Visitor: 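Starting off with a structure, shown below.
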2 protein chains.
Amino acid sequence: MKKKTRYVILGLLRDEAMTGYEIKNCIDRRMSFFWQESYGQIYPELNAMQNDGLLDAREDQQSGNRVKFRYTITEKGRQVFNDWMTEECEKDTVRSEAFLKFFLANDSNQADVIHHLEKFHQQNRERLESYEMFMKSFQGLEDMHNHKYILKMLELGIRQQHLYCDWSSDYIDELKNND
Amino acid sequence: MKKKTRYVILGLLRDEAMTGYEIKNCIDRRMSFFWQESYGQIYPELNAMQNDGLLDAREDQQSGNRVKFRYTITEKGRQVFNDWMTEECEKDTVRSEAFLKFFLANDSNQADVIHHLEKFHQQNRERLESYEMFMKSFQGLEDMHNHKYILKMLELGIRQQHLYCDWSSDYIDELKNND
DNA sequence: AGTGGCATGTAAAGAGTTACATGATTTG
DNA sequence: CAAATCATGTAACTCTTTACATGCCACT
């Protein structure tokens, strides 16, 4: 898959100015079930995008010799984002080591499978809780309409987490009662 | 994520001897919702694994100067696979351009979102059908027990596809009735 | 005779992670 | 005052895809 780093950045900056660090954080906390980016992708890309005229950087001078950059999207940036929105989507890339193990297991691996299922269940419950918290943070806002699209994705994320939690806890029971 | 190519191969060869081409096909058809490998990973890895004593190659001489290799797992290969089964799982890596677009969209992208949702829905219905066919291919076999683990993953895959289909068709209706 | 699927492989390009380096600010 | 978090960046490495090259086999 071609790299999409710039579109994620552009998409987030449409709503509010952010630093590279905040962008990374936002992706990790809110989008982790379908996307990830590392600092090694984000920081060089921010500079390239500024060079291409897609972003403006507001330099927040902190005390000392360190600087902090808060980026704003330009008109050209909005254009590039909207062009990407119109393009066809490439095929997903997914790699889940847990699913791989669940699929390839046989009876000689039962104990390992149970262990991985328990870990899987716990991780998905945590993720579910964090999505539900994020969802609640929208409750009560009057401009719900502006967040319609995020809310819909969040709804899907929550339903997926429920599915994973239900499936794994049933599966654990089955394996444990089978002895 | 460290590359897992050898474990996928080992896992598949535990059940039956296969060619590199068949391995690739099997991953594409049955495991695509949580894993993918390319020929560029599989063929060099098969040679490395043979070198490491994890596989034996049976050379099917075809007429002409072309050969075809059917690989068998060795005892050492089974060991390496079982050791991997016991290890902790690394974090998933997922990238879905469609989800990214759904998440980052706003009203100015509504038409694009509907288009991508329709494509998304269609692709997921096709995938659902292929999983259901794969599932049916197990029905009637007496040794269902041997396929317990695959069946459980297939069940999850099918439920996930149902979720994606339901969610996207509801979403399309919502967006279309909102005008 | 042509198409599509079976079959193996490599080289180069591209994508992505990780470890490291640096230092400020906030919070307990 | 220590620890956590905010903050930016790069270089090296690893992983992965893609395009290309080759040729067989079955079917129409």
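What you see is a predicted model; the values in this text were computed from it and never measured. The chains referred to below are lettered A, B, ... by the order of the sequence lines, with proteins before strands, and numbering in each begins at 1. Only this structure's heavy atoms are used, side chains among them; waters, hydrogens and symmetry mates stay out.
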Visitor: Check whether any side-chain nitrogen or oxygen of Y21(A) sits under 4.0 Å from OP1 or OP2 of dT8(D), and answer yes or no.
Guide: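 For Y21(A), the contact criterion (side-chain N or O under 4.0 Å from OP1 or OP2 of dT8(D)) is not met.
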Visitor: If I take atom CZ in residue F69(A) and atom C1' in nucleotide dA24(C), what distance separates them, rounded to the nearest angstrom?
Guide: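 Checked: the CZ to C1' distance equals 14 Å.
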Visitor: If you find the nucleotide of DNA chain C closest to Y43(B) and the one closest to Q36(A), which residue's nucleotide is nearer the 5' end?
Guide: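 Per heavy-atom nearest nucleotide, the more 5' residue is Y43(B).
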Visitor: Below 6.0 angstrom between ring centroids: does that apply to Y149(A) and F103(B)?
Guide: no
Visitor: Within this structure, what is the CG-to-C1' distance between N25(B) and dC6(C), rounded to whole angstrom?
Guide: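 In whole Å, dC6(C) C1' lies 9 Å from N25(B) CG.
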Visitor: Send over the distance from D28(B) CG to dT16(D) C1', rounded to a whole Å.
Guide: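 It is 14 Å, rounded to the nearest whole Å.
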Visitor: With heavy atoms under 4.0 Å as the rule, sort G20(B) into base, sugar-phosphate or nothing.
Guide: sugar-phosphate
Visitor: Any Lys/Arg nitrogen of K4(A) or E45(A) sitting under 4.0 Å from an Asp/Glu carboxylate oxygen of the other?
Guide: no
Visitor: Hey, does S38(B) reach any base, or is it just sugar-phosphate, or nothing, if we go heavy atoms under 4.0 Å?
Guide: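 If one applies the 4.0 Å heavy-atom cut-off, S38(B) turns out to touch a base.
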Visitor: Once you round it to whole Å, what is the distance between C1' of dT8(C) and CZ of R58(B)?
Guide: 19 Å
Visitor: Give a yes or no on whether a salt bridge exists between R6(A) and D52(A), defined as a side-chain N under 4.0 angstrom from a carboxylate O.
Guide: yes
Visitor: Taking the six-membered ring for Trp, are F120(A) and Y164(A) ring centroids under 6.0 Å apart?
Guide: yes
Visitor: Whole Å only: how far is the CG atom of D60(B) from the P atom of dG23(D)?
Guide: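 For the pair D60(B) CG and dG23(D) P, the rounded distance is 20 Å.
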Visitor: Can you work out whether Q41(B) or T93(B) has the more 5'-proximal nearest nucleotide on DNA chain C?
Guide: Q41(B)
Visitor: Distance check needed: dA7(C) C1' versus M18(B) CE, whole Å only.
Guide: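 Interatomic distance, CE of M18(B) to C1' of dA7(C): 14 Å.
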Visitor: Take the protein atom CD of E45(B) and the nucleotide atom P of dT14(D), then report the distance between them rounded to whole Å.
Guide: 14 Å
Visitor: Which part of the nucleic acid, if any, lies within reach of R95(A) when heavy atoms closer than 4.0 Å are counted: base, sugar-phosphate only, or nothing?
Guide: sugar-phosphate
Visitor: Distance check, rounded to the nearest 0.5 Å: N47(A) atom CG versus I42(A) atom CD1?
Guide: 12.5 Å
Visitor: Rounded to whole Å, please give me the gap between CD1 in I42(B) and P in dC15(D).
Guide: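 Computing the I42(B):CD1 to dC15(D):P distance gives 16 Å.
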